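Input: a single structure, listed below in structure tokens.
Lettering follows sequence order; numbering is per chain, from 1. Please read all numbers here as calculations on a predicted model, not as lab measurements.
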Amino acid sequence: MIEPQIPKGFRDFLPQQMMLRRRLMATMSAIFERYGFVPLDTPCLEYARTLEGKYGEEGDKLIYRFEDRGGRAVALRYDLTIPLARVAAMYQLPKPFKRYQIAPVWRADKPQKGRFREFYQCDIDIIGESGACADAELLCVAHTVLQALGFDNYLIRINNRKILNALAERLGIATERIPDFLRALDKLDKTGPDAVLQDMQARGLLAGDAGRIVRDHLLAGGDNFEAVAALLAGSGDGSAGLAELELISRMLAADGVDGRYYKKDISLARGLDYYTGPIFEVVVTEPRIGSILGGGRYDGLIGLFTKQSMPATGISFGLERLVTVMEELGMHNQAGSLTQVLVTQFSADLMDDGVRLAALLRRSGLNTELYLAPDKLKKQLSYAASRGIPAVVVLGPDEARDGRATLKNMLTGDQDVLEQQRLAEAIRALLA
RNA sequence: GUGGGUGUAGCUCAGCUGGUUAGAGCGCCAGGUUGUGGCCCUGGAGGCCGAGGGUUCGAACCCCUUCACUCACCCCA
């Protein structure tokens with residue numbers, strides 16, 4: 001006998017979980033399509049060189065990489081963004097190209113709460129539009145999705161790499177040290193301003209009056225973009241970044257997104273190296289699970305695969321994290337059965353009548369299950385009850401004789417004998 | 001990659017300082033006669049106490065090793 005096991009960090013999705021997951025995916029797809037995004041899928045396997053070197057040092061270590069039978073270096077996709085960049089470079093797609101993709105990605109990470117080695121991302125990206133209007137639209141979609149799923153306690157954090165880069169320049173931080181700077185800055189929420197300042201000094205990032213500037217302007221308060229703006233007065237990149245944030249805020253407001261759902265946040269850094277402009281993240285406070293969505297603009301990325309440079313921006317929902325939050329907050333209401341009605345089997349010689357009746361109900365569009373053995377009625381009813389099937393049809397010799405059937409409402413226990421022709425209608429009324 | 005925690009029935013767990021046939025609740029199965037579930041009652045199945053080794057007259061319990069799961073850090077969805 002083989003010990004049944006699945007690899008660490010990988011999971012089976014049992015029907016109960018699948019119903020919730022499918023519901024989430026359906027909700028998201030519908031909203032994505034409402035905004036004009038079109039579906040795309042790509043293979044789970046890519047050549048390793050396509051993925052490697054795109055995610056930064058830490059990221060590269062987490063790529064599932066191996067050799068195929070022909071000795072080619074291949075890798076499981078790490079996210080949906082790089083494959084999209086590859087696609088954008090390979091095909092002449094009409095611009096702007098707005099696509100969505102809901103698919104699993106793989107990371108050789110150590111699993112923990114809300115983190116797995118195989119997990120689903122739900123991405124929307126816009127290729128070929130450099131204006132911040134595109135970035136803003138992504139956030140409008142994000143907000144719409146979260147609202148539709150019943151979320152209310154979340155914050156869309158918004159920042160801009162242009163601002164951060166200009167800031168680093170102003171502080172005299174060398175280009176190659178910027179990732180270090182961002183990493184330290186990113187911890188502001190977790191460890192507080194004092195620790196961040198200390199960390200930056202320990203890393204030797206702050207020379208001259210940089211320490212004072214960081215303390216007084218950067219870390220002083222949460223939303224101190226006025227101070228930041230003053231610091232970046234002379235910088236073209238910096239003011240461009242600030243203008244983009246302004247535009248994004250305006251558009252969110254115009255779209256009807258309440259101000260409490262989003263916030264410009266200078267300490268948002270994002271780990272990936274390839275971001276070039278606005279960057280985003282959505283965090284929830286309730287279960288401490290980190291971000292449920294991340295993304296940003298990556299204007300240089302597609303240029304790695306083609307000479308033609310293409311601006312692009314995108315966001316990625318973490319499906320498992322949405323699920324985790326919904327489960328912990330008890331947001332996953334009706335677990336309900338997909339089967340709407342169960343046709344019982346009274347005895348072996350009435351099987352044909354049962355099958356005929358079930359077929360009739362299915363033709364009328366009802367999800368109908370036929371009980372598969374002439375067990376005791378008690379057992380058949382228990383089956384329906386334990387699965388939450390709301391309606392049961394009993395077809396015994398009495399009913400069969402004159403073309404009728406008993407319809408039982410499993411919630412109330414009420415039951416009626418009806419003409420078989422009227423059954424579908426009655427079940428529909430019962431379900432409503 | 002670093003550091004904690006936990007592994008006993010399908011699930012959630014009990015099991016006193018090592019002492020005979022390892023328990024509960026829930027779930028599951030069967031029954032409480034004649035065509036009806038959810039409540040109640042009765043009965044039943046189900047455990048190499050994660051695995052391997054050691055100490056001991058004796059180990060679920062102590063020691064070592066190993067595996068699995070889990071949480072935190074790093075990083076991230």
In 5'-to-3' order, the base (B), backbone-only (S) or no-contact (-) status of each nucleotide in nucleotides 28-36 of chain B, using a 4.0 angstrom heavy-atom cut-off, is --SSS--BB

Its dot-bracket string being built from Watson-Crick and G-U pairs below 3.5 Å, with | for another strand and [ ] for crossing, RNA chain B has the pattern (((((((..((((.....[...)))).(((((.......))))).....(((((..]....))))))))))))....

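Applying the 4.0 Å criterion to OP1 and OP2 of B:A77, one finds that A:Arg270 has a side-chain N or O inside that range.
Ring geometry for A:Phe10 against A:Tyr64 counts as perpendicular: the plane angle is over 60°, on a 0 to 90° scale with 30° as the lower cut. Using cut-offs of 30° and 60° for the angle between ring planes, the A:Tyr120 and A:Phe13 rings count as perpendicular. Using cut-offs of 30° and 60° for the angle between ring planes, the A:Phe32 and A:Tyr100 rings count as tilted.
Here NZ of A:Lys162 is found 12.0 Å from CD1 of A:Ile279. Values are rounded to the nearest 0.5 Å. Atom CE in A:Met410 sits 10.0 Å away from atom CD in A:Gln415 (nearest 0.5 Å). Within the model, atoms CD1 of A:Ile63 and CZ of A:Arg107 stand 9.5 Å from one another, a figure rounded to the nearest 0.5 Å.
Residue contacts shown for A:Arg183 are limited to sugar-phosphate atoms, with no base heavy atom under 4.0 Å away.
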Which atoms of nucleotides 1-7 of chain B (N or O only) lie under 3.5 Å from a protein N or O atom, and what are those distances?
from, atom 1, to, atom 2, distance (Å)
B:U2, O4, A:Lys110, NZ, 2.8

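More than 12 heavy atoms of other residues, nucleotides or ligands lie within 6.0 Å of CZ in A:Arg11, so this atom counts as buried by the packing criterion.
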